[in-house]
Novice: 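One structure, as structure tokens, below. Some questions next.
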Amino acid sequence: MEFLNYIYFVIPPAIAVLVFFYAKAQQNEWPAGLLIRAFVWGMFSIVLVLTVQVIAAVFDLDNLTNLRRILFYSLVIMAFFSELGKFTILKVFFYPKKEFRTPVDGILVSVMISLGFATMNNILSFVNIPHLSVSSVNALSAGPANVIFGLMMGFFIGLGKLRKMRLVDSMTGLAAAIFFHALYDFCLLTRDYKLLWAFFIGSAIIAISLWIAALRIHRDALEEGNL
């Protein structure tokens with residue numbers, strides 16, 4: 001079992017390495033340090049949701065005895081504060097950068113932040129913290145799931161910067177990430193793994209569609225001389 005924990009831990013940083021080399025191959029103007037910093041800051045972004053989880057445990061909100069409590073815990077305690085932490089890092093430290101111009105740029109940075117978050121999530125599987133635990137299914141799926149959340153958030157935030165609708169698109173990106181994160185956590189908390197598979201298939205189709213749209217938007221912006 002301990003060997004499996006090491007495998008789970010490797011998945012998010014391995015995906016981050018692939019994203020990093022893809023970005024460097026496709027976006028030559030991107031400083032390598034920017035993506036690395038996004039990953040590191042993503043690791044720190046988990047502090048917010050961990051703090052809220054501990055507070056929730058104090059008030060017995062993690063006693064998931066009925067469907068209402070599971071829904072509340074999934075949506076508010078887990079999804080909202082997880083994505084709010086990533087959103088804050090993205091908007092404060094990376095959104096103002098000159099390299100951040102289109103949905104493609106937003107996706108690359110947001111996904112790196114999310115993979116940093118997922119990596120720290122899996123580190124918790126090695127650490128015995130009261131009121132906090134990481135299941136094996138959560139550790140195994142955290143990397144791919146956070147890629148999906150990060151892609152959705154990054155697409156809309158990048159789109160907003162390109163077309164000057166920053167508030168509306170930023171809130172859309174945050175809401176989309178929260179919604180899909182809540183679905184993911186609901187599947188984990190209810191241990192409904194058939195529903196989890198359905199979630200991954202459906203959300204992956206949406207994420208791939210957004211990535212294709214982001215590439216098209218980026219190409220069109222280049223051709224029109226808007227970059």
Novice: Over all heavy atoms of both residues, which pair between Ser110 and Met153 is shortest? Give the atoms and the distance, please.
Specialist: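 Nearest heavy atoms, Ser110 then Met153: OG-CB, 3.9 Å.
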Novice: Roughly how far, to the nearest 0.5 Å, is CD1 of Ile178 from CZ of Phe81?
Specialist: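 Nearest 0.5 Å value for the CZ-CD1 distance: 9.5 Å.
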Novice: State, to 0.1 Å, how close Gly150 and Ser114 come at their nearest heavy-atom pair, and which atoms those are.
Specialist: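 In this case the closest contact between Gly150 and Ser114 is CA-OG, 3.3 Å.
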Novice: Can you tell if the side chain of Val104 reaches within under 4.5 Å of the side chain of Phe155, non-hydrogen atoms only?
Specialist: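 In short, these two side chains do not touch, never coming nearer than 4.5 Å.
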Novice: Enter the distance from Leu75:CG to Ile70:CD1 here, rounded to the nearest 0.5 Å.
Specialist: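 So the gap between those two atoms works out to 13.5 Å.
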Novice: With Tyr184, which of Ser141, Ser74, Ser203 fulfils side-chain hydrogen bond (donor to acceptor under 3.5 Å, both in side chains)?
Specialist: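 Only one of Ser141, Ser74, Ser203 forms a side-chain hydrogen bond (donor to acceptor under 3.5 Å, both in side chains) with Tyr184, namely Ser141.
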Novice: Under 4.5 Å between side-chain heavy atoms, counting indirect links through other Ile/Leu/Val/Met/Phe/Trp/Tyr residues: same cluster for Met152 and Ile208 or not?
Specialist: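 Cluster IDs for Met152 and Ile208 differ.
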Novice: Is the side chain of Ser45 donor-acceptor paired with the backbone N or O of Gly42 at a distance under 3.5 Å, no angle test?
Specialist: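 Yes; judged by distance alone, with no hydrogens or angles, the pair exists.
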Novice: A side-chain contact here means heavy atoms from C-beta on lying under 4.5 Å apart; do Trp41 and Lys86 qualify?
Specialist: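 No, too far: nothing below the 4.5 Å cut-off.
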Novice: Could you grab the distance from atom CZ of Phe94 to atom CG of Leu35, nearest 0.5 Å is fine?
Specialist: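 CG of Leu35 is found 8.5 Å from CZ of Phe94.
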Novice: Considering non-hydrogen atoms only, spot the tightest contact between Leu34 and Lys97 and give its length.
Specialist: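 Nearest heavy atoms, Leu34 then Lys97: CD1-CE, 4.0 Å.
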Novice: Taking a hydrophobic cluster as the set of Ile, Leu, Val, Met, Phe, Trp and Tyr residues connected by side-chain heavy atoms closer than 4.5 Å, whether directly or through intermediates, do Trp211 and Leu18 fall within one such cluster?
Specialist: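 Result: no, two separate clusters.
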Novice: Does Pro12 reach the side chain of Asn146, with side-chain heavy atoms less than 4.5 Å apart?
Specialist: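 Pro12 does not reach Asn146 side chain to side chain.
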Novice: Please name the pair of heavy atoms, one in Gly143 and one in Ile15, separated by the smallest distance, quoted to 0.1 Å.
Specialist: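 Looking at all heavy atoms of both residues, the closest pair is C-CD1, 4.0 Å.
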Novice: Carefully, step by step, assess Ser170 and Phe87 under the rule side-chain contact (heavy atoms from CB on, under 4.5 Å).
Specialist: CA-CA 9 Å; Ser170 291; Phe87 177 82; 4.1 Å; yes
Novice: Has Phe21 got more than 12 heavy atoms of other residues, nucleotides or ligands less than 6.0 Å from its CZ?
Specialist: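 No.
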Novice: Is the shortest side-chain heavy-atom distance between Leu196 and Val137 below 4.5 Å?
Specialist: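 Heavy-atom side-chain distance check passes, below 4.5 Å.
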Novice: Ile148 versus Phe200: any side-chain heavy-atom pair under 4.5 Å?
Specialist: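 The answer is yes, as the side chains (C-beta and beyond) meet within the 4.5 Å cut-off.
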Novice: Is any side-chain heavy atom of Asp220 closer than 4.5 Å to a side-chain heavy atom of His218?
Specialist: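 No, every pair of side-chain atoms sits at 4.5 Å or beyond.
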Novice: When the aromatic ring centroids of Phe100 and Tyr95 are compared, is their separation below 6.0 Å?
Specialist: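 Centroid distance Phe100-Tyr95: below 6.0 Å, so yes.
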Novice: Tyr22 and Val17: same hydrophobic cluster, using ILVMFWY side-chain contacts below 4.5 Å?
Specialist: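 Yes, Tyr22 connects to Val17 through the hydrophobic network.
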Novice: Would you please indicate if the ring centroids of Phe44 and Phe117 are separated by under 6.0 Å?
Specialist: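 Ring-ring flag for Phe44/Phe117: false, centres at least 6.0 Å apart.
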Novice: Any link between Val10 and Ile123 through a network of hydrophobic side chains (Ile, Leu, Val, Met, Phe, Trp, Tyr) touching at under 4.5 Å?
Specialist: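 Hydrophobic grouping puts Val10 with Ile123.
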Novice: Minimum heavy-atom separation for His181 and Ser82, please, with both atom names.
Specialist: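 Heavy atoms only, the tightest pair is CE1-CB, 3.5 Å.
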Novice: Taking atom CD1 of Ile113 and atom CD of Glu83, what is their separation to the nearest 0.5 Å?
Specialist: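 The CD1 atom of Ile113 sits 10.5 Å away from the CD atom of Glu83.
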Novice: Take Tyr73 and Gln53, measure what side-chain contact (heavy atoms from CB on, under 4.5 Å) needs, and give me the verdict at the end.
Specialist: CA-CA 9 Å; Tyr73 198 85; Gln53 280 184 269; 3.6 Å; yes
Novice: Tell me whether the count of non-hydrogen atoms from other residues, nucleotides or ligands lying under 6.0 Å of CZ in Phe93 goes above 12.
Specialist: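 For Phe93, atom CZ is crowded (more than 12 foreign heavy atoms under 6.0 Å).
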Novice: Please report the interatomic distance CG(Asp185) to CG(Asn138), rounded to the nearest 0.5 Å.
Specialist: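 So the CG of Asp185 and the CG of Asn138 are separated by 7.5 Å.
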Novice: Do Ile77 and Phe59 sit in the same hydrophobic cluster, where Ile, Leu, Val, Met, Phe, Trp and Tyr count as joined when their side-chain heavy atoms come under 4.5 Å apart?
Specialist: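 Linked, Ile77 and Phe59 end up in one cluster.
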Novice: Side chains of Asp105 and Thr102: does their closest heavy-atom pair fall under 4.5 Å?
Specialist: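 They are in side-chain contact.
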Novice: Are the side chains of Phe180 and Phe199 in touch, meaning some heavy atoms are under 4.5 Å apart?
Specialist: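 The answer is yes; the side chains approach within 4.5 Å.
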Novice: So which heavy atom on Gly160 is nearest to which on Arg166, and how close?
Specialist: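 The pair with the smallest heavy-atom distance is O-CG, 3.6 Å.
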Novice: Got a second to check how far Leu151's CG is from Ile206's CD1, nearest 0.5 Å?
Specialist: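 Answer rounded to 0.5 Å: 11.0 Å.
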Novice: Among Asp169, Leu90, Ile107, exactly one meets side-chain contact (heavy atoms from CB on, under 4.5 Å) together with Ile157. Which residue is that?
Specialist: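 Between Ile157 and the candidates, side-chain contact (heavy atoms from CB on, under 4.5 Å) is satisfied uniquely by Leu90.
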Novice: Apply side-chain contact (heavy atoms from CB on, under 4.5 Å) to residues Lys161 and Arg101 and explain how you reach the verdict.
Specialist: CA-CA 6 Å; Lys161 190 166 188 181; Arg101 304 161 300 171; over 6 Å; no
Novice: Run Lys194 and Asp192 through side-chain contact (heavy atoms from CB on, under 4.5 Å) and show every step you take.
Specialist: CA-CA 6 Å; Lys194 290 183 179 179; Asp192 190 335; 3.9 Å; yes
